[in-house]
Amino acid sequence: GAKQGKYFAAKAPYGYVRCDTPNHTPVIDPETAPVVKRIFDMRAQGMSSLRIASVLNKEGILCPSEYYYQQTEKENTLRNRHLWCRTSIEQMLRNPMYLGHMVQLKVTSVSYKNHKQVKKDESEWAVVENTHEPIITQEIWDRCREIDNERSTGRVTKQGIVRPLSALMYCADCGFRMKNTSRNDSRKSDGSRMQFYIC
């Protein structure tokens with residue numbers, strides 16, 4: 001199944017529609033694919049997932065579940081799923097489907113009795129490359145992974161120093177990562193420099 005590039009999910013991920021072919025290969029949804037691309041672009045520029053969600057909500061862009069239920073003319077009964085949230089943004093940013101790669105086996109059943117589901121580690125995913133048209137480029141994907149790494153470890157300066165809070169400081173106004181900089185401390189005569197963050 002997964003190794004042949006067949007798509008078994010009931011619906012395609014946000015940004016695609018499930019094609020009515022034997023393999024049900026996802027095809028780009030012209031209405032939502034630009035939103036996906038924009039999400040990756042915003043992240044690649046350093047915006048936090050929370051800020052990206054805030055921007056989309058402010059602009060009134062339907063979140064994935066709300067868009068799906070609107071298209072199917074069904075009522076969205078999911079609680080607290082009417083708006084974009086940080087979690088949904090982060091899940092999209094980690095989904096190789098947007099690179100054009102088919103991904104299966106993300107979850108596995110623990111017990112046939114209770115059907116409890118647990119997520120498989122990414123190393124256990126079955127990935128078949130280049131099965132459908134990508135929405136984003138490898139370059140944007142790689143840049144987002146760099147942002148993730150900086151987020152967890154902090155940005156390294158030219159001097160090889162990781163500044164405190166450098167991975168956590170975001171501008172409250174625009175949501176972009178704040179840059180650490182320094183200048184001579186006029187209050188001191190020993191040539192020391194004062195560290196601060198700017199947008």
Side-chain angles (χ1 to χ4, degrees), residues 1-53 55-56 61-72 78 81 83-110 115-153 155 167 175 177:
K3 294 300 183 182
Q4 283 76 46
K6 292 183 179 180
Y7 190 71
F8 293 106
K11 60 180 181 178
Y14 181 84
Y16 290 101
V17 292
R18 193 169 183 263
C19 187
D20 189 21
T21 61
N23 284 353
H24 302 294
T25 305
V27 295
I28 285 180
D29 176 6
E31 187 168 345
T32 57
V35 179
V36 173
K37 188 177 185 305
R38 188 176 171 209
I39 287 171
F40 275 88
D41 287 343
M42 284 191 285
R43 181 58 172 169
Q45 293 174 46
M47 288 184 71
S48 67
S49 298
L50 187 61
R51 181 59 182 172
I52 294 172
V55 169
L56 298 178
I61 297 174
L62 295 179
C63 69
S65 63
E66 197 71 24
Y67 178 77
Y68 169 76
Y69 282 105
Q70 186 185 79
Q71 295 299 304
T72 57
L78 299 174
R81 294 292 181 88
L83 294 173
W84 290 91
C85 65
R86 183 191 67 185
T87 302
S88 62
I89 296 293
E90 290 176 347
Q91 289 175 345
M92 290 176 65
L93 289 170
R94 299 291 301 184
N95 193 344
M97 290 285 288
Y98 298 120
L99 277 173
H101 307 328
M102 192 78 75
V103 182
Q104 301 288 350
L105 308 179
K106 283 189 175 182
V107 296
T108 181
S109 181
V110 174
H115 299 289
K116 183 180 178 181
Q117 299 282 314
V118 295
K119 290 185 178 180
K120 281 180 172 282
D121 186 83
E122 289 186 22
S123 62
E124 297 183 73
W125 290 1
V127 179
V128 185
E129 296 186 349
N130 305 317
T131 56
H132 54 280
E133 187 177 355
I135 293 177
I136 62 162
T137 65
Q138 185 69 49
E139 181 181 5
I140 291 293
W141 174 271
D142 291 343
R143 178 55 187 151
C144 289
R145 300 293 73 79
E146 290 175 8
I147 295 292
D148 292 343
N149 186 56
E150 292 170 2
R151 183 80 170 84
S152 61
T153 63
R155 185 183 293 274
R177 188 188 303 279

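Along the sequence shown, residues carry numbers from 1. Model, not experiment: these values are computed from the prediction.
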Leu50 side, atom CG; Thr87 side, atom OG1 - distance, nearest 0.5 Å
10.0 Å

Run the side-chain contact (heavy atoms from CB on, under 4.5 Å) check on Ile39 and Trp84 step by step: do they pass?
CA-CA 11 Å; Ile39 287 171; Trp84 290 91; 3.9 Å; yes

How far apart are the closest heavy atoms of Arg43 and Ile52, and which atoms are they?
N-CD1, 3.8 Å

If I take atom OH from residue Tyr14 and atom OG1 from residue Thr32, how far apart are they, to the nearest 0.5 angstrom?
5.0 Å

Hey, are the side chains of Ile140 and Lys37 touching, using non-hydrogen atoms and a 4.5 Å cut-off?
no

Any Val55 side-chain heavy atom under 4.5 Å of Arg38 side chain
yes

What I'd like to find out is whether the side chain of Val17 reaches to under 4.5 Å of the side chain of Gln71, using heavy atoms alone.
no

Smallest separation among heavy atoms of Pro26 and Ala12, with atom names:
CB-CB, 4.3 Å

Can you name the closest pair of heavy atoms from Ser49 and Arg86 and give their distance?
CB-CG, 3.6 Å

About how many Å separate CG of Asn95 and CH2 of Trp141, when rounded to the nearest 0.5 Å?
6.5 Å

pair Met47-Ile89: side-chain heavy atoms closer than 4.5 Å:
no

Interatomic distance, Asp142 atom CG to Ile147 atom CD1 [nearest 0.5 angstrom]
12.0 Å

Nearest heavy-atom approach of Leu93 to Arg145 is O-NH2, 2.9 Å

Of the non-hydrogen atoms in Val27 and Cys19, which two are nearest, and what is the gap between them?
CG1-CB, 4.0 Å

Decide yes or no on side-chain contact (heavy atoms from CB on, under 4.5 Å) for Ile135 and Met97, but give the supporting numbers first.
CA-CA 9 Å; Ile135 293 177; Met97 290 285 288; over 6 Å; no

Of all the heavy-atom pairs spanning Ala33 and Gly15, show the shortest one and how long it is.
CB-O, 3.7 Å

Evaluate the side-chain proximity of His101 to Val128: yes if any heavy-atom separation is below 4.5 Å, no if none is.
no

Atom pair CZ/OG1 of Phe40 and Thr137 - distance to nearest 0.5 Å:
10.0 Å

Using 0.5 Å steps for rounding, measure from the SG atom of Cys144 to the CD atom of Glu90.
12.0 Å

Partner residues of Lys11 under the side chain to side chain donor-acceptor pair (under 3.5 Å) criterion, sequence neighbours left out:
none

Above 12 or not: heavy atoms from other molecules or residues under 6.0 Å from CD of Glu139?
no

Of all residues at least two apart in sequence or in a different chain, which pass the ring-ring contact (aromatic ring centres under 6.0 Å, His included) check with His132?
Tyr16

